[in-house]
There are 2 protein chains.
Amino acid sequence: MTTPLEKARQDPESMKARILDVARRIFGEYGFHGTTTRMIAQEVGIDISTLHYHWGGKKDLYESVVVDINKDLRQKLSEVEKVIHGLPLSERLAISIDLTTDYLFDHPEVSNLILYRYFGKTRCEGNLDAIVPEFTADIARSMGLARDKKNVPPETTMKVLAVMNSIHNFISGESFFRPMVKVDRERYIALVKETLKFIHIPAFAQNETT
Amino acid sequence: MTTPLEKARQDPESMKARILDVARRIFGEYGFHGTTTRMIAQEVGIDISTLHYHWGGKKDLYESVVVDINKDLRQKLSEVEKVIHGLPLSERLAISIDLTTDYLFDHPEVSNLILYRYFGKTRCEGNLDAIVPEFTADIARSMGLARDKKNVPPETTMKVLAVMNSIHNFISGESFFRPMVKVDRERYIALVKETLKFIHIPAFAQNETT
DNA sequence: CTGTGATTCAATCGTTTGATGGAAGTGTAG
DNA sequence: CTACACTTCCATCAAACGATTGAATCACAG
């Protein structure tokens, strides 16, 4: 059986896929309550009821978006893991930061939506959060901080969260932070990478068993 | 002339102050669009029109909340600066992390609202953002990363942002992160401090001029 | 008590929002 | 062509939202 989301992804030109792409961007910008179904429909160029026909309702569409976002991010992290496999920790971190940052600057709605889920709440009765597998454990193992995916110590999980969040912050907060440092987009991206490496590499290199 | 906000703060039992306190919390939890004026009024135990009488409208109330939040945080950071003055950088960072984290865990709506402003957008025509003085420059100077408040280099601003954001993240994301590490609140707070020090102290200590 | 200004509330307005029903359009198999 | 499933849109609904009005209530000076 194929889920509606998989079906939508099979044909990127299908109406389902077009709606999903727009919904990703707008939900990411304005959050769940800040987004109206009419905003999405207008951006796609269709009627509201067409949106309802394909995705059922606002909550259903939002949950599909969240699942889709997480699927994309997981795949990207999996790609990164293959590139850095076997390298020393410092290099692994540096390359991971470069690749992940580049990817997220191209898809800022991913960071936006993840941060919205972390820090915001919704006033919906039902559990709006779709069941999304967390993959901090994968990152921890990929960074050599944990042997297996089970029983990752809390300290390690927290460290992984700190790294991932600091990346998402600079991506998602660009519209706020970039005017503060008064640089163009290209320079901002370079600054982000530089800062992330400055902050995180020394921390994990301090007890590196080279 | 006293602003409405100052007037409200003079008498903490006044209706203006009671509304402001509740609005801080609810706006922080649900964001601007996720919060309804009725939610705030019901929490305070008053009628909606009473809220409008005191604060004019939803946007005005939200802007007052943002200004109030930033004023509180600035004052707290000023207190912290006095404590750490003259100490070596590593100690300054450690103490700053401890004090700031404790304060924000007691007032999580501060972190919530700041992150909402960083990462979220509103679909209001007018510039919803009240003019809030940013104080990353003060922090930079207080940390010894900049000589004066003017002309702080972009690299320094980015580093300060990274530190502040990582703190806000763990405060505001507690409801999401704490179940991931499966610890009680007290242990979570300790973990946050520990992680923040692990991440940030080595970074700034690497080129410390002892 | 009376008058006056400040405060609070009940009732309601106009708009927006999420959602739906039914008509019209499109493509395909028989 | 017909029949039928699949899409899309127009018109519309009920509920929720922000906001306003006018009356009731309170505090208090004269």
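Residue numbers begin at 1 in each chain, while the letters A, B, ... track the order of the sequences. Quantities reported herein were computed from a predicted structural model and do not represent experimental measurements. Values below: every heavy atom of this structure, side chains too, minus hydrogens, waters and symmetry copies.
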- prompt: Is the phosphate of dT17(C), meaning OP1 or OP2, less than 4.0 Å from a side-chain N or O of His33(B)?
  reply: no
message: Expressed as a whole number of angstroms, how long is the span from Lys58(A):NZ to dG18(C):P?
response: 4 Å
message: Distance criterion of 3.5 Å, no angle test: do you see the side chain of Ser49(A) paired donor-to-acceptor with the base of dA19(C)?
response: no
task: Could you check how far CH2 of Trp55(B) sits from C1' of dT7(C), rounded to whole Å?
output: 15 Å
query: Once you round it to whole Å, what is the distance between P of dA6(C) and CD1 of Ile46(B)?
result: 19 Å
- request: Please check the phosphate of dT8(C) (OP1 and OP2 only) for any side-chain N or O of Tyr53(B) closer than 4.0 Å.
  value: no
message: Using heavy-atom distances to pick each residue's nearest nucleotide on DNA chain D, tell me which of Met39(B) and Thr50(A) is more 5'.
response: Thr50(A)
field: Length of the line joining Ile48(B):CD1 and dA16(D):P, which is rounded to integer Å
entry: 13 Å
Glu174(B) vs Tyr118(A) side-chain heavy atoms within contact, under 4.5 Å: no
query: Does Ser64(A) offer a backbone N or O that forms a donor-acceptor pair with the side chain of Asp68(A) under 3.5 Å?
result: no
query: For dT8(C), does OP1 or OP2 lie under 4.0 Å from any side-chain N or O of His54(B)?
result: yes
query: Do Arg74(B) and Asp138(B) come close enough that some side-chain heavy atom pair is under 4.5 Å?
result: yes
- request: Provide, to the nearest angstrom, the distance between the CZ atom belonging to Arg38(B) and the P atom belonging to dG18(D).
  value: 7 Å
- prompt: Any side-chain heavy atom of Phe198(A) within less than 4.5 Å of one from Glu155(B)?
  reply: no
query: Would you say dT17(C) has OP1 or OP2 under 4.0 Å from some side-chain N or O of Arg123(B)?
result: yes
message: What is the distance, to the nearest angstrom, from the CD1 atom on Ile19(A) to the C1' atom on dT7(D)?
response: 11 Å
- prompt: When the distance from CD of Gln42(B) to P of dC9(C) is rounded to whole Å, what number comes out?
  reply: 13 Å
- request: Send over the distance from His52(B) NE2 to dT20(D) P, rounded to a whole Å.
  value: 7 Å
message: Using a heavy-atom cut-off of 4.0 Å across all strands, would you classify Thr36(A) as base, sugar-phosphate, or nothing?
response: sugar-phosphate
message: Check this for me: does any side-chain nitrogen of one of Lys121(A) and Glu29(B) sit under 4.0 Å from a carboxylate oxygen of the other?
response: yes
